[in-house]
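Note sheet for the following structure.
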Amino acid sequence: MDFKHKLINWYSTNKRPLPWRETNNPYHIWLSEIILQQTQVKQGLPYYEAFINKYPTIYDLAKASETAVLKLWQGLGYYSRARNLHTTAKHIVNNLEGEFPDNYKDLLQLKGVGDYTASAIASFAFNEVAAVVDGNVYRVLSRYFGIETAINSTKGIKEFKTLATTLIDKENPATYNQAIMEFGALQCKPKNPNCSTCPLQISCVAFQKKKVDALPVKQKKTKITTKYFNFLVYIDNNHNTLFEKRDTKGIWQNLYQFPLIESNKSLNSEEFHLMDLDNSFLKVNSVDYSLYNETDIVHKLSHQHLYTKFWVIMVEELPIDAIPIESLIKYPTPVLISDFIEVFKF
DNA sequence: AAAGCGGGGGG
DNA sequence: CCCCCAGCTTT
């Protein structure tokens with residue numbers, strides 16, 4: 001048996017039952033693929049169910065507000081996926097008469113859809129012979145063929161895509177694509193792969209050369225920057241607070257937060273008192289305020305560490321755009337903020 | 001070619 | 001602590 005048939009054979013007895021494998025609906029498949037970008041199945045599954053329930057068709061998603069879509073996406077991260085998801089839904093409904101593009105080339109034009117996702121939708125929904133190359137595929141192929149080209153280099157990306165294209169089962173592209181990814185996720189895992197029970201062991205170059213742990217090769221790592229965030233949690237006599245939309249580019253775009261002041265170091269109460277707060281609503285030194293957390297709450301993103309303090313500021317009355325504290329939960333927020341709202345006793 | 005973008009989980 | 005996850009877009 002050759003490579004592709006061994007994989008498909010393994011898949012037939014080891015696959016997990018997943019909802020997006022039970023459908024040919026391109027909308028459902030697209031939704032699942034966007035959710036699963038850089039996200040493990042376990043983490044994405046409940047979000048998939050929630051989106052299918054709230055937005056059963058692409059028309060439902062298209063007519064939703066971006067805020068509502070972001071709210072349902074809250075906690076999943078990489079929020080540009082949600083914004084692009086919504087943009088693409090509107091595009092398909094408004095410009096393509098609700099008809100999903102049905103081939104790799106056209107799918108690739110959609111916002112938020114790259115080579116992997118276009119290949120996945122084309123094969124799963126339309127049975128097109130388009131090879132997927134995700135993190136699992138990189139790992140399986142680099143190990144099995146002993147390829148040491150960095151998977152995140154331009155050369156590596158081309159090399160692996162070409163190889164994947166030669167390997168795909170042209171009779172069963174969808175099943176083959178599912179099989180190699182599932183194999184990478186369950187058998188040929190990043191750490192402690194199950195080589196002893198692997199059906200490909202005998203012909204696996206990495207196993208024979210004892211290089212399984214060294215593959216795949218990946219170049220460089222992202223360097224992490226540290227930032228210091230001070231959130232201003234205003235509370236007035238009417239039980240209102242200030243909440244604002246992050247409208248700038250960068251992290252958490254279009255999500256909501258308490259007014260934020262960034263500092264170049266972690267501030268104690270005295271330093272905060274002295275800070276020039278001209279950009280905030282009130283002069284802090286003229287009001288009653290307290291520090292919620294003495295030690296910084298450290299929120300770690302993939303390339304930023306956020307050292308955070310929440311300053312609670314009592315005032316008599318906030319401006320007209322203040323919102324009732326009870327309505328905070330309606331807004332999409334970063335996990336850092338939603339965690340605070342959940343724990344803080346307003 | 002490199003950087004930016006989340007949050008959770010494994011070892 | 002580090003790495004990885006059904007990657008894509010922008011610079």
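Reminder, nothing fancy here: chain letters follow the sequence lines and each chain counts from 1.
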> W73(A) side chain N/O closer than 4.0 Å to the phosphate oxygens (OP1, OP2) of dC5(B)?
Replying inline: no
>> Among residues 26-43 of chain A, which ones have heavy-atom contacts with DNA chain B below 4.0 Å?
In response: Q38(A), T39(A), Q43(A)
>> Quick check on contacts: within residues 82-94 of chain A, what sits under 4.0 Å from DNA chain B by heavy-atom distance?
In response: none
> Could you give the start and end, 5' to 3', of the contact zone on DNA chain C for chain A, using atoms under 4.0 Å from its heavy atoms?
Replying inline: dC1(C) to dT11(C)
> Using the P atom in both, what is the distance from dA6(C) to dG11(B), to the nearest Å?
Replying inline: 14 Å
> For H305(A) and dG4(B), what is the distance between atoms NE2 and P respectively, to the nearest whole Å?
Replying inline: 14 Å
> On a whole-Å scale, what distance lies between the C1' atoms belonging to dC1(C) and dC5(B)?
Replying inline: 22 Å
> Given dC5(B), is OP1 or OP2 found less than 4.0 Å from the side-chain N or O atoms of H303(A)?
Replying inline: yes
> Does Q253(A) make a side-chain N or O approach to OP1 or OP2 of dC5(B) shorter than 4.0 Å?
Replying inline: no
> Which stems does DNA chain B form, counting runs of 3 or more consecutive Watson-Crick or G-U wobble pairs with both distances under 3.5 Å?
Replying inline: B:1-5 with C:7-11, B:7-11 with C:1-5
> Can you tell me if the side-chain N/O atoms of H299(A) get under 4.0 Å from OP1 or OP2 in dG7(B)?
Replying inline: yes
> Any idea how Y256(A) and F243(A) line up, ring-wise: parallel (<30°), tilted (30 to 60°), or perpendicular (>60°)?
Replying inline: parallel
>> Contact list please: residues 117-150 of chain A against DNA chain B, heavy atoms, distance less than 4.0 Å, in numerical order.
In response: none
> Who pairs with E171(A) by salt bridge (Lys or Arg N to Asp or Glu O under 4.0 Å), at least two apart in sequence or on another chain?
Replying inline: none
